[in-house]
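Inspection log for the structure reproduced underneath, given as structure tokens.
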2 protein chains.
Amino acid sequence: MEHTPIACSHHDHNHCISDALEAARQLCVGRGVRLTDLRLQVLELIWQNHKPLGAYTLMEMLAKANTRRVAPPTVYRALDFLLEQGLIHRINVLNAFIGCPSPTTKHQSHFLICRACGIAIELDQPQLSQQIIGVAQDAGFQVESQSLEVSGLCANCAGNTEHDGHGHE
Amino acid sequence: MEHTPIACSHHDHNHCISDALEAARQLCVGRGVRLTDLRLQVLELIWQNHKPLGAYTLMEMLAKANTRRVAPPTVYRALDFLLEQGLIHRINVLNAFIGCPSPTTKHQSHFLICRACGIAIELDQPQLSQQIIGVAQDAGFQVESQSLEVSGLCANCAGNTEHDGHGHE
DNA sequence: TCAGCTATGTTACTCTATAACCTTTCATCT
DNA sequence: AGATGAAAGGTTATAGAGTAACATAGCTGA
Ligand SMILES: [Zn+2]
Ligand SMILES: [Zn+2]
Ligand SMILES: [Zn+2]
Ligand SMILES: [Zn+2]
């Protein structure tokens, strides 16, 4: 149930993609929603990148992969679906999207975002969510969703401060 | 083209604005930075609204108030200055800006945002900031800034939606 | 005064996202 | 199989948010 942070550049990423896609397929079957070719392709591209990906970058990738023009509404509709199903998260501070490693478990959007390499590490800290809910309740506020975006330097980049070409692309 | 009036009329908002502006003046004098007419005007408009305000809404207000055209870079530069000095915060989820009630104290951007009335309540929870830093450190992450944006219903709006059947459009 | 810096004005542009409308695809019912 | 209605995707146009690049004005300190 714990998802390993993705800061390490030496994990089997192909495996990690295929796992996520298979999980997404099963999740959609279970919910009776349609993971169409387009939606699957968008999810795959997002996972391949392993970093938050902008909608327009995604559009270019789709256009290249499909040899057809892909207009903004097309990709935004796919993104909306994936967001609704919890298969991806939106990183507001970057206007970008990233795959969720545990879409079956309901949780909030808590990320560590490295300003040097651009990686986004999803946190799995239910007690942090709970503390936030508590603080909100003290103010009479009824929480519906949380977005925590912590910016700074990841372990890799904090170590390599002499040069930033640490190659996590 | 119309800007919505102030949400909460139950506190002395004029006093609240003038306090904030006076604090800003002193803060800028103390730091040796220039709170120009434009910057002050932008800060005042943001405080008058008491809700997160988009840059383009602000532009329209400035244009009306000054009877002159105000282009995007003008307002964005003023906003950048105010952000740097900690006089306002940016609400990422809304692409909007709101005044900070305690600009002299260094702190993170933690907000409760009501989806019904649009109000944004700034939290003052240093121990929450600390816990977030702790969680990040456990992942070897070096925190530079935090953005916590909690969406839901404020105390006012949560109360008013309990009997929601009468269809008050 | 002059030079140099900071702030603002101006034009044009990029990036992000959505509205409105039409066509295709797909599951379901007859 | 054929009809049908809803969901998904295609297309065009536009709205909304933010920045680059360069010109001008205005303050500041020799
Ligand atoms: Zn997640
Ligand atoms: Zn990094
Ligand atoms: Zn503040
Ligand atoms: Zn409210």
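By convention in this document, chain letters (A, B, ...) are assigned in the order of the sequence lines, proteins followed by strands, and residues within each chain are numbered from 1. Fair warning: this is a prediction, and the values are worked out from it, not measured in the lab.
Across all strands shown, B:R34 has heavy atoms under 4.0 Å from sugar-phosphate atoms exclusively, and none from any base.
Proximity of a side-chain donor or acceptor of A:K51 to a complementary backbone N or O of A:C117 within less than 3.5 Å is detected. The backbone N or O of A:Q146 sits less than 3.5 Å from a side-chain atom of A:Q108, completing a donor-acceptor pair.
The interatomic distance linking B:D80 (CG) with C:dT6 (P) rounds to 16 Å, in whole Å. Rounded to an integer number of Å, the gap from CZ of B:R77 to C1' of D:dA17 is 16 Å. Spacing between atom CG of A:N92 and atom P of C:dC15 amounts to 20 Å, rounded to whole angstrom units. When the C1' atom of D:dA6 is taken as reference, atom CZ of A:F81 falls 16 Å away, rounded to whole Å. To the nearest angstrom, P of D:dA17 lies 12 Å from CG of B:L79. Taking atom CG of residue B:D37 and atom C1' of nucleotide C:dT6, one finds them 15 Å apart after rounding to whole Å. For A:L82 and D:dG9, the CG to P distance is 10 Å, given to the nearest whole Å. Nucleotide D:dA13 holds its P atom 10 Å from the CZ atom of A:R69, rounded to whole Å.
For D:dG9, the OP1/OP2 oxygens have a side-chain nitrogen or oxygen of A:R39 closer than 4.0 Å. Side-chain nitrogen and oxygen atoms of B:T74 include at least one within less than 4.0 Å of the OP1 or OP2 phosphate oxygen of C:dG9. Using a 4.0 Å cut-off, no side-chain N or O of A:T36 falls inside it from OP1 or OP2 of C:dT25.
Checking C:dA19, C:dT16, D:dA17 against every side-chain atom of A:Y76, the shortest atom distance belongs to C:dT16. Candidate nucleotides D:dG9, C:dT11, D:dT19 were compared by shortest atom distance to the side chain of A:L38, and D:dG9 ranks first.
Nearer the 5' end of DNA chain D, as judged by each residue's closest nucleotide, is the contact made by A:P73, out of B:G54 and A:P73. In terms of position along DNA chain C, the nucleotide closest to B:V33 lies nearer the 5' end than the nucleotide closest to the other residue of the pair B:V33 and B:P72.
Around atom CG of A:D138, more than 12 heavy atoms belonging to other residues, nucleotides or ligands sit under 6.0 Å away.
C:dT16 has A:Y56 stacked on its base ring, the centres lying under 5.5 angstrom apart and the planes within 30 degrees of parallel.
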Please determine whether side chain to side chain contact (heavy atoms under 4.5 Å, CB included) holds for the pair A:F97 and A:L53, giving the CA-CA distance in whole Å, both sets of side-chain angles, and the decisive distance to 0.1 Å.
CA-CA 5 Å; A:F97 303 85; A:L53 199 56; 5.6 Å; no
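Aromatic pair B:H89/B:H107: centroids less than 6.0 angstrom apart.
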